[in-house]
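The chains referred to below are lettered A, B, ... by the order of the sequence lines, with proteins before strands, and numbering in each begins at 1.
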Number of protein chains: 2
Amino acid sequence: MPTISQKGASMPESPIRKLVPYAENAYKLGKTVYHLNIGQPDIKTPQLALDAVKIHSLDILAYTRSEGSEGYRKKIAHYYAKNDIHVSHDDIIVTTGGSEALLFAFGSIMDVDDEVIIPEPFYANYNGFSTASGVKVVPVISKIEDNFALPPIEEFEKLITSKTKAILICNPGNPTGYLYSKEEIKKLAAIVKKHDLFLIADEVYREFVYDGAKHYSILQEKELDDYAIVIDSVSKRYSMCGARIGCLVSKNKDVIKTALKFAQARLSPPTLAQIASEAALETPQSYFDDVIEEYQERRNVLIEELSKIEGVQVGTPKGAFYCIAQLPIKNSDAFAQWLLESFDINGETIMVAPAAGFYSSAGVGLNQIRIAYVLNTNSLKKAVHILKEALKVYKD
Amino acid sequence: MPTISQKGASMPESPIRKLVPYAENAYKLGKTVYHLNIGQPDIKTPQLALDAVKIHSLDILAYTRSEGSEGYRKKIAHYYAKNDIHVSHDDIIVTTGGSEALLFAFGSIMDVDDEVIIPEPFYANYNGFSTASGVKVVPVISKIEDNFALPPIEEFEKLITSKTKAILICNPGNPTGYLYSKEEIKKLAAIVKKHDLFLIADEVYREFVYDGAKHYSILQEKELDDYAIVIDSVSKRYSMCGARIGCLVSKNKDVIKTALKFAQARLSPPTLAQIASEAALETPQSYFDDVIEEYQERRNVLIEELSKIEGVQVGTPKGAFYCIAQLPIKNSDAFAQWLLESFDINGETIMVAPAAGFYSSAGVGLNQIRIAYVLNTNSLKKAVHILKEALKVYKD
């Protein structure tokens with residue numbers, strides 16, 4: 001009998017996968033489970049995006065161009081221009097979600113055993129894409145005490161070897177909610193230029209910044225034209241995760257030319273979803289204003305309630321819709337399972353994402369969880385109350 | 001300035017990519033171009049699939065499960081059962097096109113530098129997926145004189161090394177149109193079992209078989225339960241290439257478990273396209289009967305007309321909608337370009353796919369082209385007439 005590959009064996013599982021059977025069992029027992037574990041927003045998709053696929057007049061659902069239709073790419077470039085990011089539609093390749101954009105970026109700039117430095121905790125699937133691409137993640141730890149700010153640039157410098165090809169950041173950060181400042185981006189610009197590395201920024205949460213802060217894209221840093229690769233997606237921006245439309249953006253022509261070959265091999269991004277995504281670009285600012293206000297309110301409630309729990313440490317996210325909370329426990333994997341299996345208040349419990357999966361350093365983040373604030377404020381209050389009461393009785 | 005990877009540099013370009021600017025120039029000059037080069041059918045998508053996305057009642061375009069929704073997978077299993085292929089929905093992972101299914105299969109069973117044996121000529125993008133996955137294609141030549149039948153099994157045996165992990169076939173074949181017989185599948189079964197290899201079959205053209213022949217799936221071969229991995233797609237079956245929905249099917253639980261980890265890393269296949277694809281499964285048999293009749297008629301016209309041209313050799317495709325034609329020329333790349341650039345009959349010319357890109361052996365297939373019969377019979381007749389007249393005057 002033939003066997004699977006080492007690559008396949010070392011592909012990481014999703015951090016919450018092990019918990020799914022326990023959640024399903026909790027449902028069976030009639031429990032209500034507040035999901036703090038997922039990045040699927042409860043926010044409605046803009047109606048005009050949903051309507052666009054209802055009024056299509058296609059009679060053949062055909063391929064589009066591998067790089068995405070020119071019309072859509074021009075509209076994306078226009079969207080960026082409104083955000084003070086100046087790129088041509090030829091700098092853009094439409095991808096099947098931000099996931100594929102990241103795979104194309106990794107394939108275009110890294111060979112097997114090459115290294116990418118990533119501040120951790122980071123989006124768990126970066127581990128999966130690295131394994132799939134045969135490249136090595138070199139983590140640099142950002143700390144909850146610093147609110148997950150950029151680690152000192154000397155820490156990056158120490159990790160750079162002849163195998164290092166890129167630094168990858170997520171801005172604003174999943175799972176940290178941290179928003180890098182212009183000064184931090186400039187520090188990163190200096191180091192990638194000094195060492196001839198690419199700077200990849202996953203900016204899918206660009207619109208989700210709070211307290212009047214402003215997002216600064218690596219594409220706004222003129223000196224980075226040859227170095228910057230942006231990963232983007234419609235998933236969170238328009239609450240259309242199921243579209244699976246993202247893009248890769250770079251002013252480096254070699255990167256675009258190379259990524260296009262990966263895109264051609266898979267022929268085309270999904271056509272219906274491109275129709276919805278093109279329409280979504282017409283979403284009025286008022287939609288975002290409402291959404292940002294809602295998330296900011298949720299964040300405020302969440303952080304306020306978490307701060308009241310003894311022994312819980314939490315930063316203040318400035319963006320995205322996640323936070324990392326450090327709990328007075330030893331092992332959040334066991335705790336998360338226990339919450340689903342053995343704890344409830346009047347039949348209600350919570351599901352959280354253990355944070356260890358967001359680190360690639362072994363043994364780090366074991367006492368942390370990621371909370372996604374994709375529930376309304378009432379549910380969030382109830383959920384944090386459950387967490388508080390659970391911590392009172394939990395023994396590990 | 002940082003540079004792209006060796007992997008990126010060695011990603012192959014699409015065989016027709018170089019011709020696109022010449023085609024665009026021909027349009028600008030007002031020429032009509034008959035496209036014999038593409039696999040995008042002109043057949044209409046079943047209306048019920050197009051309608052399904054028009055009547056959706058989603059208010060959030062959310063992720064589905066990474067392996068595809070259970071409802072859709074159950075219906076796919078039912079479709080297979082009707083085709084005498086007996087699998088459970090748990091043997092199926094829904095993918096973003098057959099392309100992604102192939103990437104998941106390669107990643108799940110092969111490590112860097114591992115080898116996959118493929119009868120050539122083969123679907124050009126197998127080269128791209130192999131490069132992206134870091135694995136090596138080992139070609140075994142099938143011959144136009146044999147109508148591209150399975151090469152003698154000893155030819156495979158000679159190529160098997162400790163690095164060989166799989167044999168990959170496309171059945172019916174793109175670009176050959178060859179349909180493997182039950183006996184040929186049994187020969188392949190014996191060799192993969194003997195050497196503990198996986199047998200991957202790209203069966204996306206399953207429905208397109210002519211002359212009353214019957215497709216025999218590797219999943220019908222009981223002894224292959226641990227060895228067989230099928231790549232499938234809705235793209236051609238329902239003329240919905242732009243959906244980007246396919247699936248990977250295997251009764252080998254380790255393969256499914258491993259492929260699922262790749263699927264989880266990219267979260268979800270496209271949701272709207274799954275809605276359309278699920279509806280497409282209700283397509284009545286009459287749709288296929290009509291389509292098969294149409295393609296068979298086209299094939300008959302194409303082969304008959306091609307056979308009339310002196311010096312042209314062509315097999316008789318038994319399936320799919322492609323054929324390889326061998327021309328009395330030296331270099332079909334140059335010929336294809338010349339057709340677009342320098343030849344026309346009353347302002348009409350043709351675009352063909354040079355066949356070299358369908359081989360991984362260097363220097364093979366240079367005098368061959370692939371013709372996709374995705375045009376109506378009238379257009380096909382005109383197109384072959386243009387080819388005939390062109391060959392009379394072309395000098396290489």
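- For a residue to count as touching a neighbouring chain, one of its non-hydrogen atoms must lie under 4.5 Å from one of that chain's; by this rule Met110(A) touches chain B with the backbone only.
- The contact between Ala9(B) and chain A is made entirely by backbone atoms, counting heavy-atom distances below 4.5 Å.
- In terms of heavy-atom pairs under 4.5 Å with chain B, the best-connected choice from Gly128(A), Ala276(A), Ala166(A), Gly107(A) is Gly107(A).
- Of the inter-residue distances, the one linking Lys44(A) atom NZ with Asp59(B) atom CG reads 5.0 Å to the nearest 0.5 angstrom.
- Going from atom CD1 of Ile60(B) over to atom SG of Cys241(A) covers 9.0 Å, rounded to the nearest 0.5 Å.
- Atom CG in Leu267(A) sits 5.5 Å away from atom CG in Asn125(B) (nearest 0.5 Å).
- Using a 4.5 Å heavy-atom cutoff, the side chains of Lys7(B) and Phe106(A) are not in contact.
- With a threshold of 4.5 angstrom between heavy atoms, Ala124(A) does not approach chain B through any atom at all.
- Between Thr271(B) and Arg244(A) there is no side-chain heavy-atom pair separated by less than 4.5 Å.
- Rounding to the nearest 0.5 angstrom, the gap separating the NZ atom in Lys54(A) from the CG atom in Leu58(B) is 8.0 Å.
- Residues Ile4(B) and Asn252(A) have side chains not in contact (no heavy-atom distance under 4.5 Å, counting atoms from C-beta outward).
- Comparing Leu50(B), Thr258(B), Ile38(B) by heavy-atom pairs within less than 4.5 Å of chain A, the highest count is held by Leu50(B).
- Side-chain contact between Leu260(B) and Met11(A) is absent, with no heavy-atom pair separated by less than 4.5 Å.
- Val112(A) touches chain B through its side chain: at least one heavy atom from C-beta onward sits under 4.5 Å away, while N, CA, C and O do not.
- Proximity to chain B (any heavy atom under 4.5 Å) is shown, for Pro46(A), by neither the backbone nor the side chain.
- The nearest pair of heavy atoms linking Phe129(A) to Ala265(B) is CZ-O, 3.1 Å.
- Of all the listed residues (Tyr63(A), Tyr126(A), Phe104(A)), the one sharing the greatest number of non-hydrogen pairs under 4.5 Å with chain B is Tyr63(A).
- The choice from Asp111(A), Ile109(A), Thr45(A) that makes the most heavy-atom pairs within less than 4.5 Å of chain B is Asp111(A).
- Ranked by heavy-atom pairs under 4.5 Å with chain A, the first of Ser14(B), Ala243(B), Ala273(B) is Ala243(B).
- Heavy-atom distances place no part of Leu103(A) under 4.5 Å from chain B, backbone and side chain included.
- Atom CD of Glu223(A) is surrounded by 12 or fewer heavy atoms from other residues, nucleotides or ligands within 6.0 Å.
- Near-neighbour residues of residues 190-202 of chain A relative to chain B, defined by a heavy atom under 4.5 Å from a heavy atom of that chain, comprise Asp196(A), Leu197(A), Phe198(A).
- Within 6.0 Å of atom NZ in Lys253(B), more than 12 heavy atoms from other residues, nucleotides or ligands are found, so the atom counts as buried in its surroundings.
- Here OG of Ser5(A) is found 11.0 Å from CG of Asp254(B). Values are rounded to the nearest 0.5 Å.
- Listed options Ser99(A), Ser108(A), Gly134(A), Gly97(A) were ranked by heavy-atom pairs under 4.5 angstrom with chain B; first place goes to Ser108(A).
- Residue-environment remark: CD (Glu24(A)) exceeds the threshold of 12 foreign heavy atoms within 6.0 Å.
- In terms of heavy-atom pairs under 4.5 Å with chain B, the best-connected choice from Lys261(A), Gln47(A), Arg266(A), Lys257(A) is Lys261(A).
- Of all the listed residues (Thr3(A), Asp114(A), Thr64(A)), the one sharing the greatest number of non-hydrogen pairs under 4.5 Å with chain B is Thr3(A).
- Rounded to the nearest 0.5 angstrom, Glu13(A) CD and Gln264(B) CD are separated by 6.0 Å.
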